[in-house]
There are 2 protein chains.
Amino acid sequence: MNLRDLTYFDALATLKNYTAVAQRFHVSQPTITYAIKRLEIELDTQLLLRDRSHRQIELTTNGQQFEQHVALILHELKLARTEITASRQQKVKFGLPPIIGTYYFPKLAQRLAQHGLISHLNTLEAGSSTLLQQLRTGEVDLALLGSTTPLTDQLIAAEILYQQPFKIIVSPEHPLAQAGKVAFTQLANENFVTLKEGFVHPAALRQLAQPAGFTPNVVYTTPDISVLKSMVAENIGIGFLTALAISPADNVIALELADVKPPQFLISLAYRKNQVQSALQQKLITQLQQPLKA
Amino acid sequence: MNLRDLTYFDALATLKNYTAVAQRFHVSQPTITYAIKRLEIELDTQLLLRDRSHRQIELTTNGQQFEQHVALILHELKLARTEITASRQQKVKFGLPPIIGTYYFPKLAQRLAQHGLISHLNTLEAGSSTLLQQLRTGEVDLALLGSTTPLTDQLIAAEILYQQPFKIIVSPEHPLAQAGKVAFTQLANENFVTLKEGFVHPAALRQLAQPAGFTPNVVYTTPDISVLKSMVAENIGIGFLTALAISPADNVIALELADVKPPQFLISLAYRKNQVQSALQQKLITQLQQPLKA
DNA sequence: CAACTGTGATAAAATATTTTTATATGAGCA
DNA sequence: TGCTCATATAAAAATATTTTATCACAGTTG
């Protein structure tokens, strides 16, 4: 069996047209016919129904079954190629979600710089869910990911590096400004300004709102944390944010959540379990795993 | 790139000897040399170190990396072939652990027989952990599995069909015979007769013993449930068994476990998530999912 | 309804790839 | 030094794939 034939079959499963597949790969149409025929002979089963009257091709059950595996095989092959190509440059493709990049990563950067590792990073900014997917496809080799629960995944190893509670932030003029802590249920009648950020903040908010039994009244949503903070400072609403991203200079008051189990913002280091790690990547992981000095 | 070359490479990664690989596949030795060379040229990287002095071959880092993917690709291909071959016979390879086969499956068998499904089963007996692995490799298409916690797996879909508590069984002469229920901590000084069965019973016992803070004193272990019961009946020790496998005729007394969360014996129906299901298999799943009449 | 169009199949020839045979090379070892 | 084990290489042979040219079929169109 031939990988090229599998590629043709895979394309045919999507395009459902021999001629189109031939053009896509810049080969003649009989090439595709013969490729499929070879597969059908080798597997001793019909993979496609050529319905000439409806001018359409359909996959048989076996064809669908086979296509499942073919898609996986081709994905794996692509991943292999990507990894090997990437290993040629002394670079690690490093995924960093914006919040972590802004508020957590700088604390690590100095140590990485000392070990001469920074210049080998090829940093990609994206949301945590996107990055998880990109780890799988090999677009990213190593990533810091934000989440509210520990990440478990069959293909991706992840270990928690750091965690911070989520907090409520309010304007200094807000009635709750002196309260120090609040239970989420107390906030049923408040207006919220929220972050449009990936899936972590919304997920944490849902995690709180569900047992509290109300849907927060969101008056404004922004992807930008400093915008969020200034909206809160001007008392347009109250905010919900990782403690990590709150600093004394922000002109907002942070309130602890008094609920039984307030959600935590977890930062994990993640990579493909089955990737054979380059010396560079290993050094990087070791450094990132070192606990931060308080 | 050629699947045959990948096969050769995969074998070479294990055998570490070109000549041996050639013999294994009944081809000449240069065939292997050229196959590896083709891969190295196509991937533009060295995959092997030919250390002539130590008469040994080593994989380079890239070679190891590549081998990871190759192993997956070849596994997937084999799975595809197995599934297609299996679909030719109108048979479903059905995995059934002994306990479930003896005590649960008979309740379902009549209904399956009514729908003419029994004759299409190719039943394999094995422990639940073995069967889970065989589901993955395609040796089994559908299985009933026993477990103490719900099964979650990236590749295998599993849904709980039935559950039964674990119980303590004692001889009618045993001091606890009239107790009706016991807390596991009360059993610290008892002798136990246990089942050698796969992983489910031992796992459940561990789950109980850990919080209770003692290791049960096991005086005898058997793979056979009826042996277990008669040992208990003769008061050689007390037993620990799924309620499913206990019947009034057994001459043993079943005691409920009074602990907060006594482990349950769960029976789940499991199959590969990405398998395209034959009509036969679908019918079978539908029938197995019907709840049992009480 | 005859010609036309889009789509896939087939035969034979042309090309490309893989495998073999025969032989070389290189390192350790007796 | 010569022998053995193990891999590499060149050239020829054997296979496999692709192309060109053409056919066949079912709709569609003028």
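These figures come from a predicted structure and were not determined experimentally. Values below: all heavy atoms of this structure, side chains included; hydrogens, waters and symmetry mates excluded. Chain A is the first sequence line, chain B the second, and so forth, proteins listed ahead of strands; every chain is numbered from 1.
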Participant: Tell me whether the side-chain N/O atoms of B/Lys37 come closer than 4.0 Å to OP1 or OP2 in D/dT9.
Facilitator: yes
Participant: Within this structure, what is the CD1-to-P distance between A/Ile57 and D/dA26, rounded to whole angstrom?
Facilitator: 15 Å
Participant: Any idea which of D/dA21, C/dT20, D/dT7 is nearest the B/Pro30 side chain?
Facilitator: C/dT20
Participant: Verify whether one side chain among A/Thr82 and A/Thr85 offers a donor that lies under 3.5 Å from an acceptor in the other.
Facilitator: no
Participant: Looking at C/dA11, does its base get a donor-acceptor pair with the side chain of A/Tyr34 below 3.5 Å?
Facilitator: yes
Participant: Atom CD in B/Gln281, atom OG1 in A/Thr61: separation rounded to 0.5 Å?
Facilitator: 11.5 Å
Participant: Is there a side-chain contact between A/Ser28 and the phosphate of D/dT20, meaning an N or O under 4.0 Å from OP1 or OP2?
Facilitator: no
Participant: Nearest 0.5 Å, what's the CD1-CG distance between B/Ile160 and B/Leu151?
Facilitator: 7.5 Å
Participant: Consider the side chain of A/Arg38, meaning its heavy atoms from C-beta on, and name the nucleotide among D/dT17, D/dT7, C/dG8 that approaches it most closely.
Facilitator: D/dT17
Participant: Expressed as a whole number of angstroms, how long is the span from B/Ile36:CD1 to C/dT18:C1'?
Facilitator: 14 Å
Participant: Let me know the distance between CZ of A/Arg50 and P of D/dA26, rounded to the nearest Å.
Facilitator: 15 Å
Participant: Are B/Gln29 and B/Thr33 close enough, and set up right, to give a side chain to side chain donor-acceptor pair (under 3.5 Å), and what steps lead you there?
Facilitator: CA-CA 7 Å; B/Gln29 166 267 312; B/Thr33 302; 2.9 Å; yes
Participant: Can you measure B/Tyr18 atom OH to D/dT9 atom P for me and round it to whole angstrom units?
Facilitator: 10 Å
Participant: How long is the straight-line distance from CG of A/Leu43 back to CE of A/Met1, given to the nearest 0.5 Å?
Facilitator: 4.0 Å
Participant: Rounded to whole angstroms, how far apart are CG on A/Leu49 and P on C/dG8?
Facilitator: 13 Å
Participant: To the nearest Å, give me how far apart CD (B/Glu40) and C1' (D/dT7) are.
Facilitator: 13 Å
Participant: Can you measure from CG (A/Leu142) to CG (A/Leu121) and round to the nearest 0.5 angstrom?
Facilitator: 8.5 Å
Participant: Taking atom types as modelled, find out whether B/His120 and B/Gln90 have a side-chain donor-acceptor pair closer than 3.5 angstrom.
Facilitator: no
Participant: Would you say D/dT18 has OP1 or OP2 under 4.0 Å from some side-chain N or O of A/Thr31?
Facilitator: no
Participant: Working to the nearest 0.5 angstrom, can you tell me the gap between A/Ile118 CD1 and A/Leu112 CG?
Facilitator: 5.0 Å
Participant: Taking atom P of D/dT7 as reference, at what distance in whole Å does atom CD1 of B/Ile32 sit?
Facilitator: 10 Å
Participant: To the nearest 0.5 angstrom, please state how far the CG atom of A/Leu135 sits from the CZ atom of A/Arg272.
Facilitator: 6.5 Å
Participant: Taking CD from A/Glu58 and P from C/dG8, how many angstroms apart are they, rounded to a whole number?
Facilitator: 13 Å
Participant: Step by step, work out the side chain to side chain donor-acceptor pair (under 3.5 Å) result for A/Thr137 and A/Gln133.
Facilitator: CA-CA 6 Å; A/Thr137 62; A/Gln133 191 48 37; 5.7 Å; no
Participant: From C-beta outward on A/Gln29, which listed nucleotide comes closest to its side chain: C/dT19, D/dT20, C/dG8?
Facilitator: C/dG8
Participant: I need the residues from residues 1-9 of chain A with at least one non-hydrogen atom less than 4.0 Å from DNA chain D; give them sorted by number, or say none.
Facilitator: A/Asn2, A/Arg4, A/Tyr8
Participant: Based on the rotation axes of five pairs at each end, what angle does the helix from C/dC1-D/dG30 to C/dA30-D/dT1 bend through, to 10°?
Facilitator: 10°
Participant: OP1 or OP2 of C/dA9 less than 4.0 angstrom from a side-chain nitrogen or oxygen of A/Thr33, does that happen here?
Facilitator: yes
